[in-house]
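Following: one structure in structure tokens, then a few remarks.
Both counts, for ligands and for their atoms, begin at 1 and track the order of listing.
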Amino acid sequence: MDLKELYRDVILDHNRNPRNFGRLDPSDAHADGHNPLCGDRLTVSLRMSGDRIDDVRFDGSGCAISTASASLMTEAVKGKDKAAVGQLFEKIHALLTRQDAVPDSSLGKLAALSGVREYPARVKCASLCWHTLNAALDKGAATVSTE
Ligand code: ZN
């Protein structure tokens, strides 16, 4: 399967059937994110044990890319500590913004996000959930905007 097919299949699947959709209540941390360019809004809530993400959910409303990206992210970061999430975010950011970035095998389905760089206007749709997650991890509660 080439990356274009992977992109289409993974985005469709996770948009139709988002994983970890909902809100943790109570949560240890949460943040709201807004991408005014597209109108995407989402909330990420976390349950932590020390530095590690025990559970993560997202909800909100947005375009297919923002929903699919958030769904993929929740699957990828559950059980990871802050340092591992930071490393993963670096890789995703490179994948979304650098034409020459090659997805490494550790990324699994997240590799599909490299398809987004063909559509520069949608990069913020895909990165919104990650910025929102970082805000939740940093502050416990916050609102972020991609602008
Ligand atoms: Zn969007």
Residues forming a side-chain hydrogen bond (donor to acceptor under 3.5 Å, both in side chains) with N20, sequence neighbours excluded = T74, K78
Under 2.8 Å from the Zn ion (ligand 1), the protein N, O or S atoms found are C38 SG, D40 OD1, D40 OD2, C63 SG, C125 SG
Could you tell me whether the side chain of R41 and the main chain of G62 form a donor-acceptor pair under 3.5 Å?
-> no
Any donor-acceptor N/O pair, R47 side chain to I53 backbone, under 3.5 Å = no
Please list, chain by chain and in numerical order, all residues satisfying side-chain contact (heavy atoms from CB on, under 4.5 Å) with K80, sequence neighbours excluded.
-> A84, V85, L88
When you look at K91 and S106, which way does the side-chain hydrogen bond (donor to acceptor under 3.5 Å, both in side chains) test go after all the steps?
-> CA-CA 10 Å; K91 288 185 187 177; S106 70; 3.2 Å; yes
For E118, enumerate each residue passing the salt bridge (Lys or Arg N to Asp or Glu O under 4.0 Å) test, keeping only those at least two apart in sequence or located in another chain.
-> none
